[in-house]
**Student:** 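Handing you a structure now.
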Amino acid sequence: MAAATTVSGLVAAGVLSGAGTAVADGTDGISQTQGGATATINGLKTYGEAVIHEDGGDQRVGAGLFEMSVDGGGTLQTYCVDLNTPTQRDALYQETPWSGTSLGGNKDAGRIRWILQNSYPQVNDLAALARRAGAGTLTEQDAAAGTQVAIWRYSDHAKVDAVDPQAERLADYLQKSARDLGEPQASLTLDPPAVSGRPGDLLGPVTVHTNAGTVTVSPPPDAATSGVRITDKTGKVITSAQNGTQLYFHVPEGASTGSGQLTVQASTTVPVGRAFASDSRSQSQILAGSSESTVSATATATWAAEGAIPAVSARKNCAKSGLDIFAANKGDKPFTFELMGVEHTIPAGASRTVTVPLQEDQAYDFTITGPHGFSHRFTGVLDCETRGAITTKSARVHNEPSPASVGGTTAPGTNLAATGGSVITPLIAGVAIGFVLIGGAVLVLLRKREQPGD
């Protein structure tokens, strides 16, 4: 009993540490995210079954479409591109460039995008899809499972087959037919996400990149009192923008040292093939379908009359296994900051990119400080790789939904780690069985003690 309790405690600790959410905010409330859609994962909604072939045996998993609810309104459909990582329940995801996920270093990422554009749900004529694949008749569950299996063969380079023969034929067709495509445009971003300068000048430009027809532009919340306006290069106030529009912070001359933030927002469909990542170590996803959804992005400005005037932002760089810190200095004195014991100096009028090396799954928490009370904090977790499968030497491992839910909708409250390709589920199940056996033994002992004469 003592041994079983110790093991269960270790498992619980592992699950809890993997489910922690890191919030990427600056100490001044400035978000580290690059913009786009933010969504909460709801579950595996349309799926069949697949078998992962491992060195130590086979593992059975649910394979298909996840559903996400977009903050501000909208629904996304996604497939997993991180087979052996658990999906954390209600994890928060952010639209992310491929470079911030395992797709950035995957030479087959473009083939995954081709699969998404040429299969379910983008192709919802299942009869036509079945004819092209030679799959006979496809249900939605077959189509979702076959598509996911084909994606896993490229995202994780896994040995995996669909259980249903029709789904397997679709997976084979998609894998063999896939062609390389480029990364899709972001739904909405601002570049750069941080600028700086002197009061009286136009700070920027900040360029809008979006697939939406138009976006609304909101000035800093304290614009009425600070006098900061969002304008074009001529000084004309802007309240709406389009792809390619350049925005500027117009800071009144004589304004005291400070900072401000502009926000752009739109309603649009997120492009198929956009990656979604979570700082809660929940498996990475790739977009397969989108309703009209709310997307947003922010940019910050810092101003001062003299001295160093820094602008700092960050982005994960999976190709270099680290976090890129972009630092610019529009002031008249050097800007010096320290990261991981190394001092960096940005001369007046210059900009630099500093890459902070990180280990896979390493949580980071950096605060960069500067003159005039400048402080910006970056926190998160580097998640750039797909995990190697856990092998079992003594038994075949199966990870599957209950027979009543196979090919249907997950039951409310289902832990997604049990249906989205988790490799910890067999371990958790084993511990649970151990608890059941222990509980039964305790009941037997108690009943013996209650018998007369004992």
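FYI, the numbering just counts along the sequence from 1.
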**Student:** Just how far is it from atom CD1 of Ile346 to atom CZ of Phe326, taken to the nearest 0.5 Å?
**Tutor:** 12.0 Å

**Student:** Can you name the residues that form a side-chain contact (heavy atoms from CB on, under 4.5 Å) with Ser256, not counting sequence neighbours?
**Tutor:** none

**Student:** Within the distance-only criterion (no hydrogens, no angle test), does the side chain of Trp98 pair as donor or acceptor with the backbone N or O of Gly273 below 3.5 angstrom?
**Tutor:** yes

**Student:** Could you check whether any side-chain heavy atom of Val208 comes within less than 4.5 Å of a side-chain heavy atom of Val215, counting everything from C-beta outward?
**Tutor:** yes

**Student:** Do you see a donor-acceptor pair shorter than 3.5 Å between the side chains of Ser278 and Ser280?
**Tutor:** yes

**Student:** Can you tell if the side chain of Asn243 reaches within under 4.5 Å of the side chain of His209, non-hydrogen atoms only?
**Tutor:** yes

**Student:** Name the orientation class of the two ring planes belonging to His376 and Phe374 (parallel below 30°, tilted from 30 to 60°, perpendicular beyond 60°).
**Tutor:** tilted

**Student:** Could you check whether any side-chain N or O of Ser155 sits under 3.5 Å from a backbone N or O of Ile151, counting only pairs where one atom can act as donor and the other as acceptor?
**Tutor:** yes

**Student:** Between Arg281 and Asp383, is there a side-chain N and carboxylate O pair less than 4.0 Å apart?
**Tutor:** no

**Student:** Decide yes or no for Ile41 and Thr87: does some side-chain heavy atom of the first lie under 4.5 Å from some side-chain heavy atom of the second?
**Tutor:** yes

**Student:** Please name the pair of heavy atoms, one in Asn118 and one in Leu174, separated by the smallest distance, quoted to 0.1 Å.
**Tutor:** O-CD2, 4.1 Å

**Student:** Are the side chains of Asp365 and Phe378 in touch, meaning some heavy atoms are under 4.5 Å apart?
**Tutor:** no

**Student:** For Thr189, check side-chain hydrogen bond (donor to acceptor under 3.5 Å, both in side chains) against everything at least two apart and list the hits.
**Tutor:** none

**Student:** Would you please name every residue forming a side-chain hydrogen bond (donor to acceptor under 3.5 Å, both in side chains) with Arg113, sequence neighbours left out?
**Tutor:** none

**Student:** Looking at every heavy atom in both Met68 and Ala39, which two are closest together, and how far apart are they?
**Tutor:** CB-CB, 3.8 Å

**Student:** Heavy atoms, side chains only, cut-off 4.5 Å: are Tyr120 and Leu170 in contact?
**Tutor:** no

**Student:** Using atom types as modelled, flag every donor-acceptor pair under 3.5 Å from a side chain in residues 190-207 to any protein atom, sequence neighbours excluded.
**Tutor:**
unit_1	atom_1	unit_2	atom_2	d
Ser196	OG	Ile309	O	2.8
Arg198	NH1	Ala305	O	2.5
Arg198	NH2	Asp332	OD2	3.2

**Student:** Ring centroid separation for Tyr248 and His250, is it under 6.0 angstrom?
**Tutor:** no

**Student:** Glu49 side chain to Ala63 main-chain N or O, any donor-acceptor pair under 3.5 Å?
**Tutor:** no

**Student:** Name all residues meeting the salt bridge (charged side-chain N to carboxylate O under 4.0 Å, His left out) criterion together with Glu140; count only those two or more places apart in sequence or in a different chain, and write none if there are none.
**Tutor:** none

**Student:** When rounded to the nearest 0.5 angstrom, what distance separates CG in Asp108 from CD in Gln175?
**Tutor:** 9.5 Å

**Student:** Check ring-ring contact (aromatic ring centres under 6.0 Å, His included) between Phe335 and all other residues, then give those that pass, not counting sequence neighbours.
**Tutor:** Phe337

**Student:** Any donor and acceptor pair, going by atom type alone, linking the side chain of Gln94 with main-chain N or O of Gly35 inside 3.5 Å?
**Tutor:** yes

**Student:** With rounding to the nearest 0.5 Å, note down the distance linking CG in Leu83 to CH2 in Trp152.
**Tutor:** 5.0 Å

**Student:** In plain terms, say whether Glu183 and Arg274 are close enough for a salt bridge, that is, a side-chain N and a carboxylate O under 4.0 Å apart.
**Tutor:** yes

**Student:** When you measure from the side chain of Gln285 to the backbone N and O of Val81, does any donor-acceptor pair fall under 3.5 Å?
**Tutor:** no

**Student:** Check whether any side-chain heavy atom of Gln261 sits under 4.5 Å from a side-chain heavy atom of Pro220, and report yes or no.
**Tutor:** no

**Student:** Would you please test Val270 and Leu76 for side-chain contact (heavy atoms from CB on, under 4.5 Å) and show each step?
**Tutor:** CA-CA 8 Å; Val270 182; Leu76 306 178; 4.1 Å; yes

**Student:** So which pairs with a foot in residues 208-321 pass disulfide (SG to SG under 2.5 Å), sequence neighbours left out?
**Tutor:** Cys318-Cys384

**Student:** Under a 3.5 Å distance rule, please check whether Asn317 uses its side chain to pair with a backbone N or O of Thr355 as donor and acceptor.
**Tutor:** no

**Student:** Under the 3.5 angstrom rule, does the side chain of Ser259 hit a backbone N or O of Thr302 as a donor-acceptor pair?
**Tutor:** no

**Student:** Can Thr78 and Leu65 be said to form a side-chain contact (heavy atoms from CB on, under 4.5 Å), step by step?
**Tutor:** CA-CA 6 Å; Thr78 61; Leu65 276 171; over 6 Å; no

**Student:** Hey, what do you get for CG (Leu188) to OG1 (Thr268), rounding to the nearest 0.5 Å?
**Tutor:** 9.0 Å

**Student:** Starting from the C-alpha separation in whole Å, work towards a yes-or-no answer on side-chain contact (heavy atoms from CB on, under 4.5 Å) for Gln117 and Leu181.
**Tutor:** CA-CA 10 Å; Gln117 291 185 336; Leu181 298 178; 3.3 Å; yes

**Student:** Hey, could you give me the OG1/CG distance between Thr40 and Leu92, rounded to the nearest 0.5 Å?
**Tutor:** 5.0 Å

**Student:** Could you note down all residue pairs passing disulfide (SG to SG under 2.5 Å) where residues 178-272 supplies at least one of them, sequence neighbours left out?
**Tutor:** none

**Student:** The test is side-chain contact (heavy atoms from CB on, under 4.5 Å); show your working for Val70 and Thr75 and say whether it passes.
**Tutor:** CA-CA 6 Å; Val70 179; Thr75 301; 5.9 Å; no

**Student:** Does any part of the side chain of Ser375, heavy atoms only, come nearer than 4.5 Å to the side chain of Thr367, both counted from C-beta?
**Tutor:** yes

**Student:** Can you check whether Ala350's main-chain N or O pairs, donor with acceptor, with Arg352's side chain at less than 3.5 Å?
**Tutor:** no

**Student:** In the structure I gave you, are the side-chain heavy atoms of Trp114 and Asp180 within less than 4.5 Å of one another anywhere?
**Tutor:** no

**Student:** Tell me the salt bridge (Lys or Arg N to Asp or Glu O under 4.0 Å) pairs involving residues 317-328, sequence neighbours left out?
**Tutor:** none

**Student:** Between atom OG1 of Thr336 and atom NE2 of His344, what is the distance when rounded to the nearest 0.5 Å?
**Tutor:** 10.5 Å

**Student:** Going by the disulfide (SG to SG under 2.5 Å) test, which pairs reach into residues 254-302, not counting sequence neighbours?
**Tutor:** none

**Student:** Checking side chain to side chain donor-acceptor pair (under 3.5 Å) for the pair Ser187/Glu95: CA distance, chi angles, key distance, verdict?
**Tutor:** CA-CA 8 Å; Ser187 63; Glu95 185 180 341; 2.6 Å; yes

**Student:** Which heavy-atom pair separates Val160 from Ala50 by the least distance, and what is that distance?
**Tutor:** CG2-CB, 4.0 Å

**Student:** Testing the basics here: between Cys80 and Phe66, what is the closest heavy-atom pair and its distance to 0.1 Å?
**Tutor:** CB-CE1, 4.1 Å

**Student:** Can you list everything that forms a salt bridge (charged side-chain N to carboxylate O under 4.0 Å, His left out) with Asp161? Sequence neighbours excluded, please.
**Tutor:** Arg153

**Student:** What pair of heavy atoms forms the shortest contact from Asn329 to Pro347, and how long is it?
**Tutor:** ND2-O, 3.4 Å

**Student:** I'd like to know if the side chain of Asp232 and the backbone of Thr234 have a donor-acceptor N/O pair within less than 3.5 Å.
**Tutor:** yes

**Student:** Salt bridge check: are Lys316 and Asp279 linked by an N-O gap of less than 4.0 Å?
**Tutor:** yes

**Student:** What do the steps show when you test Ser282 against Tyr93 for side chain to side chain donor-acceptor pair (under 3.5 Å), and what is the final call?
**Tutor:** CA-CA 9 Å; Ser282 187; Tyr93 282 77; 2.7 Å; yes

**Student:** Taking side-chain hydrogen bond (donor to acceptor under 3.5 Å, both in side chains) as the cut-off, I'd like each qualifying pair that reaches into residues 214-223, sequence neighbours left out, listed once.
**Tutor:** none

